[in-house]
**Q** 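The following block contains the structure, expressed as structure tokens.
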Amino acid sequence: MSDRSVAVFCMPEQGHFKRLLPLISGLAGVGITTHVFTDLRFRDPVERAGGRFADIFAGRPLEAADAKSIPVPSRYVSFAAHYADSLVREVAALRPALVIHDTFAVIGPVVATHLGLPRVAVCSGHNAAPGPTIAALRHDPRVRTDDACWRGVELLRERHGMPDASPFSYAAGLSSQLNIYCEPPEFLNAEERKPFEPIAFFGSLSAEETRDETPTIAAFGEDSAQKLRVYASFGTVVWRYFEDAVLGALEAIAAAVSERDDAVAVLSLGGRGTPEHAARLARRNVRVEAYVDQWRVLAEASVFVTHHGLNSSHEAIFQQTPMLSVPFFGDQPALAKRCQELGLALPLAETPRAPLTPAAVHSAFARLANESTAIQLRLAEARRWELAVMSARGAVIERIVALMDRAVR
């Protein structure tokens with residue numbers, strides 16, 4: 001297999017890139033040369049996974065294509081149109097047999113079309129079927145589409161084989177050949193699976209991460225073993241659009257914890273907060289961090305207050321940490337609902353971005369204590385789902401290799 005290669009595309013979204021790493025590692029592990037076009041800050045993990053890094057932005061700055069469109073992924077539509085010719089030439093020289101792309105990487109389908117290659121799409125979130133996702137975006141008050149994006153849309157329609165291109169094409173990149181879904185199959189019912197067919201379930205967790213048995217570092221303090229250990233984080237992307245709502249929710253959590261002698265909290269600002277934010281959230285029994293090693297903190301936490309990003313939710317499941325749901329936008333409300341239906345989480349915010357109060361947080365903590373046994377049983381079962389989908393990854397890699405073989409023939 002050493003003479004065969006694939007081209008992988010991922011835009012500068014940390015969570016999306018993290019979900020691609022097990023796929024890169026799996027392909028490299030069976031001898032497929034895996035060229036990964038992504039952001040420079042991801043070079044080291046690409047190479048540790050066995051991939052060959054290529055800087056997708058070298059000579060191709062995103063801001064030159066589009067610096068203003070909101071949501072930010074609309075800029076990836078502009079990028080695909082602006083730099084299509086350059087990237088098609090660069091990838092053609094590598095002679096790949098297949099293109100793999102995160103659905104936000106609109107450049108992936110463009111390159112595959114120009115080179116006549118099969119492609120595999122890696123789904124961007126929980127149940128993010130194109131139809132309802134794009135319909136919701138058309139009425140999203142955040143949307144501000146710059147003229148650069150509209151020019152890109154026209155180029156994609158007229159020159160690059162995407163007659164249905166729109167500013168929301170980042171939500172429409174599923175493949176007719178194979179779609180990789182980054183959750184266990186239990187998270188989609190039979191009807192929900194239909195838009196993603198042909199589908200292969202792959203999960204989102206890194207095998208290396210799940211094998212990590214390094215002792216924890218007492219994130220909540222050496223005297224926290226008998227206390228309620230609250231970890232709250234709303235990821236990184238939410239801060240782009242809803243900073244005030246994020247800070248309001250974290251303030252309510254901090255206030256509630258500070259009123260209890262038997263509770264401690266770690267609040268993460270997801271790498272996006274400022275010292276001023278940290279000062280605003282400082283309370284008794286509360287530690288505020290710009291960024292944490294979430295895997296390690298979840299291993300110690302009694303409860304995870306989460307926005308239900310896909311990666312975060314499944315990390316909590318594997319660590320068997322109960323969740324309190326505070327979704328903000330996108331696929332988060334649907335994943336929060338699914339986790340609640342499966343008995344893995346309880347609602348804290350009843351609707352996306354609903355204001356929180358310390359009283360509501362206290363009430364959720366009390367309900368969690370009352371339902372702890374049932375939730376732990378469900379988490380143990382869901383952890384087995386994570387292990388099962390990871391153990392089946394070899395068969396998914398075989399499906400991808402089969403697509404390559406057919407292309408070569």
**Q** How are the rings of Trp239 and His277 set to each other: parallel, tilted or perpendicular (split at 30° and 60°)?
**A**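 Tilted, since the angle between the ring planes falls between 30° and 60°.
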
**Q** Can you tell me if Glu191 has over 12 outside heavy atoms packed within less than 6.0 Å of its CD?
**A**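 12 or below, so no.
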
**Q** Taking Asn285 for the side chain and Arg260 for the main chain, is one N or O donor matched with an acceptor at less than 3.5 Å?
**A**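 Answer holds: yes.
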
**Q** If you apply the rule side-chain contact (heavy atoms from CB on, under 4.5 Å), what do you find for Val46 with Phe17, and how did you get there?
**A** CA-CA 9 Å; Val46 164; Phe17 170 73; 3.6 Å; yes

**Q** Is the side chain of Ser25 donor-acceptor paired with the backbone N or O of Leu21 at a distance under 3.5 Å, no angle test?
**A**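 Answer holds: no.
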
**Q** If you round to the nearest 0.5 Å, how far is CG of Leu298 from OG of Ser312?
**A**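 Interatomic distance, Ser312 OG to Leu298 CG, rounded to 0.5 Å: 7.5 Å.
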
**Q** Any chance the side chains of Gln319 and Thr321 put a donor and an acceptor closer than 3.5 Å?
**A**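 There is no such pair between these side chains.
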
**Q** Is there a donor-acceptor pair closer than 3.5 Å between any side-chain N or O of Arg193 and the backbone N or O of Pro185?
**A**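 Checking the backbone N and O of Pro185 against the side chain of Arg193, a donor-acceptor pair under 3.5 Å is found.
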
**Q** Salt bridge check, Arg240 against Glu13: does any charged N sit closer than 4.0 Å to a carboxylate O?
**A**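 Result for this pair is yes, salt bridge flagged.
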
**Q** Is the backbone of Ala129 close enough, under 3.5 Å, to the side chain of Thr133 for a donor and an acceptor to pair up by distance?
**A**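 Yes, the answer is positive, given that a donor and an acceptor are paired below the 3.5 Å cut-off.
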
**Q** Applying side-chain contact (heavy atoms from CB on, under 4.5 Å) to Leu174 and Cys123, what does each step give before you reach the verdict?
**A** CA-CA 7 Å; Leu174 295 182; Cys123 301; 3.9 Å; yes

**Q** Would you mind reporting whether His308 and Phe234 have side-chain heavy atoms less than 4.5 Å apart?
**A**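 With C-beta onward as the side chain, the pair stays apart.
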
**Q** Could you pull out the closest heavy-atom pair between Asp146 and Ser69, with the gap in Å?
**A**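 Answer, listing the atom of Asp146 first, then Ser69: N-OG, 3.0 Å.
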
**Q** Checking His35 against Val8 for the side-chain contact (heavy atoms from CB on, under 4.5 Å) test, could you report, in this order, the C-alpha distance in whole Å, the side-chain angles of both residues, the deciding distance, and whether it holds?
**A** CA-CA 6 Å; His35 302 280; Val8 179; over 6 Å; no

**Q** So, for Pro118 and Leu403, which heavy atoms are closest and what is the spacing to 0.1 Å?
**A**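 Here Pro118 and Leu403 meet closest at CG-O, 4.2 Å.
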
**Q** So do the side chains of Val326 and Thr306 get within less than 4.5 Å of each other, counting heavy atoms only?
**A**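 No - every pair of side-chain heavy atoms lies 4.5 Å or more apart.
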
**Q** Working to the nearest 0.5 Å, report the span between OG of Ser176 and CD of Glu197.
**A**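 So the gap between those two atoms works out to 12.5 Å.
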
**Q** Under 3.5 Å, is there a donor-acceptor pair between the Gln376 and Gln320 side chains?
**A**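 Side-chain D/A pair, Gln376 to Gln320: absent.
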
**Q** Taking the side chain as every heavy atom from C-beta outward, state whether His16 and Ser124 have any atom pair closer than 4.5 Å.
**A**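 Sidechains of Ser124 and His16: in contact.
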
**Q** As a quick check of understanding, evaluate side-chain hydrogen bond (donor to acceptor under 3.5 Å, both in side chains) for Glu300 and Tyr231, giving each step before the final call.
**A** CA-CA 9 Å; Glu300 294 185 54; Tyr231 171 50; over 6 Å; no

**Q** Please check: side-chain N/O of Ser363 versus main-chain N/O of Ala359, any donor-acceptor pairing under 3.5 Å?
**A**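 No, because the side chain of Ser363 does not come within donor-acceptor range (under 3.5 Å) of the backbone of Ala359.
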
**Q** For the residue pair Phe9 and Ile107, what are the closest heavy atoms and their distance?
**A**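 Shortest heavy-atom contact: CD2-CG2, 3.7 Å.
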
**Q** I'd like to check Asp39 versus Ile56 (side-chain heavy atoms, cut-off strictly below 4.5 Å). Are they in contact?
**A**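 No, every pair of side-chain atoms sits at 4.5 Å or beyond.
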
**Q** Which atoms form the tightest heavy-atom contact between Gly108 and Val99, and what is the distance?
**A**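 Heavy atoms of Gly108 and Val99 come nearest at O-CG1, 3.6 Å.
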
**Q** Within the structure provided, determine whether Met323 and Val303 are in side-chain contact (heavy-atom separation under 4.5 Å).
**A**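 Met323 does not reach Val303 side chain to side chain.
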
**Q** Is the shortest side-chain N to carboxylate O distance from Arg43 to Glu47 below 4.0 Å?
**A**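 Result for this pair is yes, salt bridge flagged.
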
**Q** In Å, rounded to the nearest 0.5 Å, how long is the span from CE of Met404 to CZ of Arg399?
**A**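 The CZ atom of Arg399 is 15.5 Å from CE of Met404, to the nearest 0.5 Å.
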
**Q** Any ion pair linking Glu154 and Arg157 (charged N to carboxylate O, less than 4.0 Å)?
**A**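 Between Glu154 and Arg157 there is a salt bridge, with a charged N closer than 4.0 Å to a carboxylate O.
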
**Q** Does some side-chain heavy atom of Asn311 sit less than 4.5 Å from a side-chain heavy atom of Ser204?
**A**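 Heavy-atom side-chain distance check passes, below 4.5 Å.
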
**Q** Taking atom CD of Gln177 and atom CG of Asn179, what is their separation to the nearest 0.5 Å?
**A**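 Those atoms lie 9.5 Å apart.
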
**Q** Strictly distance-based, threshold 3.5 Å: is any side-chain N or O of Arg378 a donor or acceptor partner for the main-chain N or O of Ala374?
**A**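 Absent.
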
**Q** Which heavy atom of Ala254 sits nearest a heavy atom of Val286, and at what distance?
**A**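 Nearest pair, atom of Ala254 first, then Val286: O-CG2, 3.8 Å.
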
**Q** Salt-bridged, Arg338 to Glu192, with N to O below 4.0 Å?
**A**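 Salt bridge flag = yes for Glu192 with Arg338.
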
**Q** Would you check if there is a donor-acceptor pair between the side chains of Gln340 and Ser325 at a distance under 3.5 Å?
**A**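 Note: Ser325 and Gln340 side chains meet the donor-acceptor criterion.
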
**Q** Evaluate the side-chain proximity of Arg142 to Phe329: yes if any heavy-atom separation is below 4.5 Å, no if none is.
**A**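 Touching, per the 4.5 Å side-chain cut-off.
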
**Q** Test the Arg287-Phe220 pair against the cation-pi criterion, namely NZ or CZ under 6.0 angstrom from the six-membered ring centroid and within 45° of the ring axis.
**A**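 Cation-pi check for Arg287 and Phe220: fails.
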
**Q** Quick check against the 3.5 Å criterion: does Thr38 have a side-chain atom that pairs as donor or acceptor with the backbone of Cys10?
**A**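 Judged by distance alone, yes, a pair lies under 3.5 Å.
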
**Q** Heavy-atom count around Lys68 NZ within 6.0 Å, excluding the residue itself: above 12?
**A**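 At most 12 heavy atoms, drawn from other residues, nucleotides or ligands, come within 6.0 Å of this atom.
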
**Q** Would you sort out whether Val396 and Ile180 count as a side-chain contact (heavy atoms from CB on, under 4.5 Å), showing the intermediate values?
**A** CA-CA 8 Å; Val396 178; Ile180 305 295; 3.6 Å; yes

**Q** Hey, do the aromatic rings of Phe201 and Tyr181 have their centres closer than 6.0 Å?
**A**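 Ring centres of Tyr181 and Phe201 closer than 6.0 Å.
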
**Q** Side chain of Ser175, backbone of Arg119: donor and acceptor closer than 3.5 Å?
**A**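 Looks like yes, one N/O pair under 3.5 Å.
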
**Q** Is there a donor-acceptor pair under 3.5 Å between the side chain of Ser372 and the backbone N or O of Ala369?
**A**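 Not at all, since once roles are kept as given, no pair shorter than 3.5 Å links the two residues.
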
**Q** What distance do Ile32 atom CD1 and Ser5 atom OG have between them, rounded to the nearest 0.5 Å?
**A**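 If we round to the nearest 0.5 Å, Ile32:CD1 and Ser5:OG are 8.5 Å apart.
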
**Q** Do Phe37 and Glu90 make a side-chain contact, defined as non-hydrogen atoms from C-beta onward lying under 4.5 Å apart?
**A**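 Phe37 vs Glu90: side chains touch.
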
**Q** With distance as the sole test, does Ser302 use its side chain to make a donor-acceptor pair with the main-chain N or O of Val230 at under 3.5 Å?
**A**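 No.
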
**Q** Within 45 degrees of the axis of the six-membered ring of Phe79 and under 6.0 Å from its centre: does Arg60 put its NZ or CZ there?
**A**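 So Arg60 doesn't make the cation-pi contact.
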
**Q** Looking at OG of Ser78 and OH of Tyr170, how far apart are the two atoms once the value is rounded to the nearest 0.5 Å?
**A**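 Taking OG in Ser78 and OH in Tyr170, the distance rounds to 11.5 Å.
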
**Q** Gly152 and Ala81: which non-hydrogen atoms are nearest, and at how many Å?
**A**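 For Gly152 versus Ala81, the nearest heavy atoms are O-CB, 3.3 Å.
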
**Q** Using the ring centroid of each side chain, check whether Trp385 and His314 are separated by less than 6.0 Å.
**A**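 Between His314 and Trp385, which both carry aromatic rings, the centre distance is not below 6.0 Å.
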
